[in-house]
Amino acid sequence: LSFLGEWKSWNVALATTRRRTKETGAATVSDYQYQASLGYAFESGLTADFGWKRLKESGAITDRIGLLFTYEFGFRC
């Protein structure tokens, strides 16, 4: 399940994934992943995006964050 939204120079994205695993003779295991990001595009061509992810897999929960900068420019051939 995911959602992407844009408004003016802002963007936001949300996503989730779930998994249930049942092996013969073993308990049912549930894993999930949540993600969220937020970004802004400046008039100069620079874009900054921040992201976060939470993952639960095999009983362990981990969080990860990230930052992405991009610069858009034109050129003539």
Side-chain angles (χ1 to χ4, degrees):
L1 178 64
S2 63
F3 166 81
L4 174 64
E6 295 180 350
W7 180 70
K8 297 187 179 183
S9 296
W10 291 94
N11 70 74
V12 63
L14 305 170
T16 184
T17 303
R18 293 190 160 285
R19 176 179 71 170
R20 291 178 53 100
T21 306
K22 171 97 172 128
E23 293 187 27
T24 305
T28 300
V29 177
S30 295
D31 298 327
Y32 63 79
Q33 175 176 303
Y34 303 128
Q35 291 179 217
S37 66
L38 177 67
Y40 187 82
F42 297 92
E43 290 182 20
S44 65
L46 178 68
T47 302
D49 291 278
F50 173 79
W52 165 80
K53 177 178 85 170
R54 171 164 284 176
L55 174 66
K56 177 185 174 236
E57 189 172 37
S58 301
I61 297 175
T62 57
D63 289 299
R64 179 171 290 179
I65 60 171
L67 191 57
L68 172 68
F69 292 101
T70 59
Y71 184 72
E72 185 176 314
F73 61 92
F75 64 93
R76 297 180 185 190
C77 294

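Side-chain atoms are counted along with the backbone in the values below, which use heavy atoms only and exclude waters and symmetry mates. Residue numbers count from 1 along this sequence.
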Quick one: pull up OG in Ser37 and CZ in Phe50 and give me the separation to the nearest 0.5 Å.
10.0 Å
Heavy-atom closest pair, residues Ala13 and Leu4:
CB-CD1, 4.0 Å
From Ser2 OG over to Gln35 CD, what is the distance, rounded to the nearest 0.5 angstrom?
9.5 Å
Shortest non-hydrogen contact from Tyr71 to Ser44?
CE1-O, 3.2 Å
Take atom CG of Leu67 as the centre, draw a 6.0 Å sphere, and report whether it contains more than 12 heavy atoms from other residues, nucleotides or ligands.
yes
Using 0.5 Å steps for rounding, measure from the CG atom of Leu1 to the CZ atom of Arg18.
11.0 Å
Nearest-0.5 Å distance that lies between atom CG in Asn11 and atom OH in Tyr40
11.5 Å
Does the side chain of Phe3 come within less than 4.5 Å of Val12's, by heavy atoms?
yes
For the atom pair CG (Leu46) and OG1 (Thr70), what is the distance rounded to the nearest 0.5 Å?
6.5 Å
Set of residues satisfying side chain to side chain donor-acceptor pair (under 3.5 Å) with respect to Glu6, sequence neighbours excluded:
none
List the residues meeting salt bridge (Lys or Arg N to Asp or Glu O under 4.0 Å) with Arg19, not counting sequence neighbours, and say none if there are none.
Asp31, Glu57
Rounded to the nearest 0.5 Å, what separation is found between the OG1 atom of Thr16 and the OH atom of Tyr32?
9.5 Å
Is the number of heavy atoms from other residues, nucleotides or ligands within 6.0 Å of NZ (Lys22) greater than 12?
yes
What residues, two or more places apart in sequence or in another chain, satisfy side chain to side chain donor-acceptor pair (under 3.5 Å) together with Trp10?
none
